[in-house]
Amino acid sequence: MARKYDFLVIGSGLAGLSFALKVAEHGTVALVSKTKISESNTWYAQGGIAAVTSFPDSYEKHINDTLDCGDGLCDIETVEMVVSEAPKQISELLKWGMRFDTTPDGTFDLAREGGHSEYRVLHHKDRTGTEIMRALIEEARNHKNIHLLDHHFAIDLITQHHLGSTVTRQMDNIECYGAYVLDVHRNEISTMLSRVTFIATGGIGNIYQTTTNPVIATGDGVSMVYRAKGLVENMEFVQFHPTALYNPGERPSFLITEALRGHGAILRTNDGKEFMHKYDKRHSLAPRDIVARAIDTEIKLRGEDHVLLDATHLEPENLIAHFPTIHEKCMTLGIDMRKQPIPVVPAAHYLCGGIRVDKNAQTSIKRLYAGGEATYTGLHGANRLASNSLLEAIVYADRGATHALENFRSFTFNEVIPAWNDEGTRLPEEMILITQEFKELQAIMTNYVGIVRSNLRLKRAFERLEIIYRETEELYEKSVVSTQLCELRNAINVAYLVIKMARRRKESRGLHYTLDFPNKNRIV
Ligand code: FAD
Ligand code: SIN
């Protein structure tokens with residue numbers, strides 16, 4: 001039997017939870033999350049959320065910093081809209097119980113990160129995401145209209161395709177009626193029907209060998225929308241965070257927040273020399289694409305495994321008070337950041353492209369909205385400004401909720417959707433086939449589609465990926481559906497989109513840097 005909800009929300013990070021809380025006053029909500037509710041990129045966010053809250057900062061400065069980072073590809077109207085709606089969304093977070101750090105005089109304790117010309121990042125120590133999730137999960141658990149379904153994996157969106165119609169990317173009347181969802185513990189696939197579906201499935205970091213993202217980030221939402229023939233854009237812009245802790249074998253990589261550089265920490269080579277002056281006048285606080293490429297260049301030139309982030313000159317008590325999580329983590333590896341520099345390397349961190357949405361968070365598929373890291377809104381362009389992603393997630397959840405509430409009653413449940421079709425002889429797959437393919441995918445993306453690319457590397461990546469794509473599709477056809485197999489399929493799909501869009505771009509811009517078209521204005 002199909003389950004019916006006014007709103008089906010897929011994903012329980014900031015985008016999904018805040019959308020759910022905003023629509024729940026007016027209808028029933030199922031919020032599905034593929035592992036535990038808290039596991040999300042949001043949970044791990046450290047630095048904070050950017051918003052203009054006081055003089056001498058201004059919307060104009062925040063807008064200009066965002067445009068500058070975006071390297072000419074931001075949508076200016078979107079940037080203006082998001083920046084000017086930020087303070088209202090900060091108030092909403094406070095209303096839900098979020099605790100931002102404040103100074104003794106009661107104003108927000110603002111931090112600074114790369115690319116920001118002012119101190120404007122609101123935070124909760126160095127674990128802002130964990131505090132956001134604490135507050136929102138508590139609110140959602142207490143809401144009678146929200147059904148939190150953990151360990152529920154969305155496999156595919158339901159459209160006319162499932163009623164036997166041919167659906168093409170050129171069609172402008174594709175409709176979403178809900179999703180097929182696997183209850184991971186019971187191993188049952190339900191048909192979940194909805195008036196409105198909201199995708200908030202986050203990023204794709206796990207297509208790379210080294211990432212700051214938790215294992216949930218496999219691009220499921222982007223891939224589901226692409227399979228349903230929705231529009232996906234700007235996938236070539238994958239952001240590498242310059243400073244993940246160098247600790248070989250640890251997955252995900254532990255992040256060393258950019259706020260530490262905002263606090264005064266300095267990047268150095270292993271012989272103690274500052275090097276960022278060679279690359280940008282903002283030194284260690286240049287935009288992320290520039291810093292990550294500079295570190296990559298230094299590591300390759302010198303044949304070393306990492307560079308160093310030096311905080312030893314900073315006032316020790318203040319340092320620990322602001323960055324307790326980083327201090328604790330470093331101490332587990334025997335590094336006392338008050339006395340020793342921290343070894344760091346770049347790691348895949350954030351997807352700037354994704355599902356195309358308009359200013360109301362509507363995708364190209366009717367009745368389907370999306371928000372957060374899974375989307376392409378035009379805010380980030382070719383490179384995201386630090387701490388603008390939590391902001392984007394909450395602004396677009398709000399805009400999507402407002403628009404969906406105006407329209408959802410006119411969308412009826414589609415009662416003739418068939419149950420999930422699992423016919424034919426299907427056998428449980430051998431796990432080694434999945435894990436090995438995943439490792440191959442990560443090696444291809446890391447070696448050929450990383451911080452520095454070239455036509456030849458991208459061509460190689462495309463040809464290698466085709467092989468594992470074919471093998472995985474064959475496996476999918478004959479196997480029992482499982483989370484791991486679906487994730488592999490989705491990860492291959494988003495990797496394909498990254499490579500395809502990277503090959504199409506005949507220039508270096510922002511995060512997409514290619515040896516065949518060097519950009520002398522911006523890069524190393
Ligand atoms: P997520 O928070 O990633 O949530 C995705 C949800 O979707 C999860 O619940 C997941 O389980 C669920 N899901 C995925 N696929 C499925 C499926 N098939 N079925 C069911 N559920 C599914 N940004 C900032 O602005 N400031 C920061 O300080 C900052 N620090 C960061 C630090 C780290 C270590 C990382 C990794 C990211 C950081 N970012 C930061 C980026 C930011 O955290 C994310 O972009 C943002 O939290 C994304 O929110 P989201 O709601 O879109 O997705
Ligand atoms: C960080 O704290 O350095 C991450 C901030 C971000 O990804 O926006």
Side-chain angles (χ1 to χ4, degrees), residues 8-19 31-51 111 113-116 121-124 126-130 132-133 136-137 148-157 179-182 184 198-205 211-224 239 241-245 252-262 288 323 325-326 347-352 354 370-375 380 384-394 396-397 483 486-487 490:
L8 171 61
V9 180
I10 305 174
S12 58
L14 176 58
L17 280 166
S18 56
F19 178 89
L31 190 153
V32 301
S33 190
K34 68 178 173 179
T35 62
K36 55 183 184 177
I37 297 293
S38 58
E39 191 64 349
S40 58
N41 278 7
T42 304
W43 178 268
Y44 296 91
Q46 290 188 359
I49 177 163
E113 295 180 34
H116 287 275
V121 180
L122 286 83
H123 61 99
H124 179 90
D126 56 356
R127 42 177 179 260
T128 308
T130 308
I132 290 180
M133 291 296 284
L136 269 62
I137 291 174
L148 289 179
L149 300 169
D150 58 9
H151 297 92
H152 277 64
F153 182 91
I155 302 171
D156 258 325
L157 298 169
Y180 291 113
V181 177
L182 172 68
V184 178
F198 185 75
I199 298 224
T201 45
I204 65 165
T211 178
T212 60
N213 293 188
V215 292
I216 53 101
T218 50
D220 299 349
V222 177
S223 180
M224 279 191 275
Q239 185 169 70
H241 196 291
T243 57
L245 179 64
S253 297
F254 182 82
L255 185 77
I256 306 292
T257 178
E258 209 159 280
L260 191 54
R261 275 176 279 139
R288 245 173 229 183
F323 304 100
T325 316
I326 290 176
H349 182 64
Y350 183 83
L351 173 65
C352 291
E373 189 167 341
T375 62
H380 311 308
R384 174 176 66 96
L385 177 67
S387 289
N388 262 358
S389 58
L390 291 173
L391 175 60
E392 181 191 50
I394 191 162
Y396 273 82
T483 299
C486 290
E487 285 181 335
N490 292 335

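Whatever order the structure lists them in is the order used to number ligands and atoms, beginning at 1. The structure presented is a predicted model; accordingly, all values stated were derived computationally and were not measured.
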J.: Going by the atom numbers of ligand 1, which of them fall below 4.0 Å from some non-hydrogen atom of Asp220?
T.: 15 (N), 16 (C), 17 (C), 18 (N)
J.: Pull out every atom of ligand 1 sitting under 4.0 Å from any heavy atom of Tyr350, numbered as shown with elements.
T.: 45 (O)
J.: With a 4.0 Å cut-off on heavy atoms, does Thr128 reach ligand 1?
T.: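 For ligand 1, residue contact (heavy atoms, under 4.0 Å) with Thr128 is absent.
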J.: Tell me the contacting part of Leu390 for ligand 1: side chain, backbone, both, or neither, using a 4.0 Å heavy-atom threshold, strictly below.
T.: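 Both the backbone and the side chain of Leu390 come within reach of ligand 1.
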J.: Please tell me if the side chains of Asp220 and Cys486 come closer than 4.5 Å, counting only heavy atoms from C-beta onward.
T.: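 Contact flag for Asp220/Cys486 side chains = no.
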J.: I need the nearest protein heavy-atom contact for atom 2 (O) of ligand 2: residue, atom name and distance, please.
T.: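 That would be Thr257 OG1, 2.5 Å.
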J.: List every atom of ligand 1 that sits less than 4.0 Å from any heavy atom of His152, numbering the atoms from 1 in the order shown and giving each element.
T.: 19 (N), 20 (C)
J.: Work out whether the distance between some heavy atom of Ser387 and some atom of ligand 1 is less than 4.0 Å.
T.: yes
J.: To which of His349, His241, Glu258, Glu392 does the heavy atom nearest atom 35 (C) of ligand 1 belong?
T.: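 Answer by nearest heavy atom: His349.
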J.: Does a side chain donor of either His123 or Thr128 reach within less than 3.5 Å of an acceptor in the other side chain?
T.: no
J.: At a 4.0 Å threshold, what atoms of ligand 1 neighbour a non-hydrogen atom of Ala200?
T.: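 This gives 4 (O), 5 (C), 6 (C), 7 (O) as the contact atoms.
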J.: May I ask you to identify the nearest protein heavy atom to atom 42 (C) of ligand 1, giving residue, atom name and distance to one decimal place in Å?
T.: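 Looking at atom 42 (C) of ligand 1, the protein heavy atom closest to it is Ser389 OG, 3.5 Å.
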J.: Quick check on side-chain hydrogen bond (donor to acceptor under 3.5 Å, both in side chains): which of Thr42, Asn41, Thr201 does Glu373 satisfy it with?
T.: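 Going through the options one by one, the only one that passes is Asn41.
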J.: Pick one of side chain, backbone, both or neither for how Leu255 approaches ligand 2, counting any non-hydrogen atom pair under 4.0 Å.
T.: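 Looking at Leu255 and ligand 2, just side chain atoms fall under 4.0 Å.
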J.: Where's the contact between Gln46 and ligand 1, heavy-atom distance under 4.0 Å: side chain, backbone, both or neither?
T.: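 Backbone only; the side chain of Gln46 stays clear of ligand 1.
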J.: Of the side chain and backbone of Leu255, name the one, both, or neither that has a heavy atom under 4.0 Å from an atom of ligand 1.
T.: side chain
J.: Considering Gln46, Arg261, Arg288, Arg384, which one's heavy-atom position lies nearest to atom 4 (C) of ligand 2?
T.: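 Nearest option to atom 4 (C) of ligand 2, by heavy atoms: Arg288.
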J.: Heavy atom under 4.0 Å from ligand 1: found in Met133's side chain, backbone, both, or neither?
T.: neither
